[in-house]
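Throughout, a chain's letter reflects where its sequence line sits, starting with A, and its residues are numbered from 1. Because the structure is predicted, anything quoted here is derived from the model rather than measured.
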2 protein chains.
Amino acid sequence: MSTVPDGYDPYAFTPFAVTVDLAVFTVREGRLHVLLVTRGEDPYKGRWALPGGFVLPRESAEEAARRELAEETGLAQDTVCGFHLEQLRTYSDPDRDPRMRVVSVAYAALVPDLPEPRGGGDAAHAQWWEAGATEPLAFDHDRILADAHDRIGARLEYSCLATAFCPAEFTLGELQQVYETVWGVELDRPNFRRKVLTTPGFVQAVEGPPRRTGGRGKPAALYRAGAANALHPPLLRPEGRPEGRTS
Amino acid sequence: MSTVPDGYDPYAFTPFAVTVDLAVFTVREGRLHVLLVTRGEDPYKGRWALPGGFVLPRESAEEAARRELAEETGLAQDTVCGFHLEQLRTYSDPDRDPRMRVVSVAYAALVPDLPEPRGGGDAAHAQWWEAGATEPLAFDHDRILADAHDRIGARLEYSCLATAFCPAEFTLGELQQVYETVWGVELDRPNFRRKVLTTPGFVQAVEGPPRRTGGRGKPAALYRAGAANALHPPLLRPEGRPEGRTS
DNA sequence: CTAATAGTGTCTCTCAGACATTATGTC
DNA sequence: GACATAATGTCTGAGAGACACTATTAG
């Protein structure tokens with residue numbers, strides 16, 4: 001049972017399949033949604049699952065995830081390159097796939113509200129589901145999805161990436177909606193405004209003061225995502241734990 | 001270039017080797033140290049590297065990491081089970097190993113000040129190095145080590161795991177030393193005390209008021225790690241970014 | 001005594017929560 | 001006009017930074 005630390009003893013080497021799994025999130029109609037696909041083959045044939053696939057011989061997991069994101073959403077690589085994609089963690093339970101040894105690197109992607117995945121190609125069986133209202137998924141994807149949701153919620157506290165859910169130009173109301181949707185809480189609007197506007201580089205007012213109406217209230221000013229990446233000090237969730245679990 | 005999302009087309013399957021790499025941290029003499037091993041074979045023969053090894057056919061990456069931790073430190077599995085071990089991220093660049101396709105799941109381990117790894121077995125060539133003062137490491141281990149340091153620093157802000165660097169019973173001075181060492185800053189002692197003691201479940205005073213002397217000052221009260229896992233509100237680093245990078 | 005470390009108390013400034021008020025649009 | 005949403009202003013309380021001060025040990 002002794003393996004040379006970084007040696008590559010033939011007897012110690014075991015071939016694994018390596019895949020990526022994606023939790024692609026978006027906010028639609030004030031609710032958090034995740035992109036799922038139907039499985040066409042056994043095991044778990046007919047069940048819903050996170051999109052994903054094999055890492056090819058000459059690509060990194062990151063590249064594979066970006067490629068799958070484009071394939072499953074039916075969008076061009078150029079478009080998809082602007083989306084936030086972040087590695088979550090790797091799932092390696094020996095029995096997570098009943099057929100063979102598969103290690104999966106999970107990623108979370110945050111995208112603005114997209115049209116329903118259009119038919120054609122791999123996206124034919126892809127569909128948006130409300131997160132938290134999904135049927136039991138294939139493999140360990142329920143766990144991955146829950147972990148991804150937790151992580152995104154925590155990331156909103158310490159980073160500016162809520163803007164990743166918004167289109168290029170957005171109102172502060174839309175940005176607040178992102179927080180409320182992901183966290184499942186209501187925030188005080190004046191306080192939210194103050195926090196966002198006093199954090200340097202979080203958002204950037206759009207010059208020409210064109211305004212956009214969301215319904216029939218007063219038109220809101222438009223903003224773009226700023227250059228800042230981290231949010232300091234953080235925007236903490238009201239009461240309760242910072243995360244659902246701490247793994 | 002189209003792969004069925006979760007299908008297992010024979011042509012799409014590529015065998016990978018899967019390894020774990022460990023960044024084992026400890027605090028010795030007020031400086032952050034990391035455990036390194038010398039490589040016995042090419043490539044990078046004679047260079048220092050993070051300890052690690054293959055994931056075996058019937059174990060998860062987590063189990064492999066725990067096993068390697070025991071092997072490299074020369075400690076028993078029982079002992080090692082008490083140490084904090086946390087998955088960092090997975091490194092999958094196609095060229096990270098010059099010989100073959102190797103995907104590595106990186107872990108960070110936090111251990112109390114241990115004796116120098118005793119000779120015998122795999123630990124024969126293991127040694128503590130001061131973090132930040134290491135020679136260029138093998139493979140992409142410099143990057144992994146830097147990522148690990150960043151992550152640990154960030155984790156100290158929002159979690160109670162600084163106690164993982166301390167022995168079972170410790171003084172608040174020792175706990176503060178952990179923060180100062182990992183962050184490379186000095187903290188105000190009264191304020192640090194207040195924060196730690198008013199956070200429920202961070203530490204727990206040891207009953208029998210035996211005190212321990214660190215040198216020739218007043219003896220300090222002893223504490224144990226509390227039940228809390230998260231630190232809310234966080235203990236933020238003074239000025240500057242929350243992390244070196246945001247990857 | 002001095003030196004060194006442990007522990008307490010207090011002032012102030014920043015910032016977040018709560019919430020009243022005004023502004024500007026649709027119907 | 002009513003209604004809805006956007007934006008501003010103000011009060012307050014929690015908590016962190018700064019720092020003075022006391023306590024207890026070794027020499």
Do Asp147(B) and Tyr91(B) pass the side-chain hydrogen bond (donor to acceptor under 3.5 Å, both in side chains) test, and can you show the C-alpha distance, the side-chain angles, and the key distance before you say yes or no?
CA-CA 11 Å; Asp147(B) 287 349; Tyr91(B) 296 83; 2.5 Å; yes

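Taking 4.5 Å as the limit, every side-chain heavy atom of Tyr179(A) sits out of range of all side-chain heavy atoms of Val185(A). With contacts defined as side-chain heavy-atom distances shorter than 4.5 Å, the pair Leu156(A)/Leu235(A) does not qualify. Annotation: side chain of Glu68(B) is in contact with side chain of Val20(B) (closest heavy-atom distance under 4.5 Å).
Between the base of dG9(D) and the side chain of Arg194(A) there is no donor-acceptor pair shorter than 3.5 Å. With hydrogens and angles left out, the side chain of Asn191(A) and the base of dA18(C) share a donor-acceptor pair within 3.5 Å. Judged by distance alone, with hydrogens and angles left aside, Arg193(B) brings no side-chain donor or acceptor close enough to the base of dA6(C) to form a pair under 3.5 Å.
Spacing between atom CD of Gln176(A) and atom C1' of dA6(D) amounts to 11 Å, rounded to whole angstrom units. Computed from coordinates, the Arg216(B) CZ to dA4(C) P distance equals 5 Å when rounded to whole Å. With rounding to whole Å, Leu187(A) atom CG is found 12 Å from dA16(C) atom C1'. Arg189(A) places its CZ atom 17 Å from the P atom of dT21(C), with the value rounded to the nearest Å. In this structure, the CG atom of Leu172(B) is 10 Å from the P atom of dT8(C), given to the nearest Å. For Leu231(B) and dG15(D), the CG to C1' distance is 13 Å, given to the nearest whole Å. Going from atom CZ of Phe192(B) over to atom C1' of dA16(D) covers 14 Å, rounded to whole Å. If you take CG of Leu235(A) and C1' of dA16(C), they are 10 Å apart, rounded to a whole angstrom.
Distance check: Asp113(A) CG to Phe165(A) CZ gives 11.0 Å after rounding to the nearest 0.5 Å.
Of the side-chain N and O atoms in Lys218(A), none sit less than 4.0 angstrom from OP1 or OP2 of dT26(C).
In this structure, of dG9(D), dT8(C), dA16(C), it is dG9(D) that holds the atom nearest to the side chain of Pro190(A). For Pro219(A), counting side-chain heavy atoms from C-beta on, the closest listed nucleotide (dA6(C), dG25(C), dA6(D)) is dG25(C).
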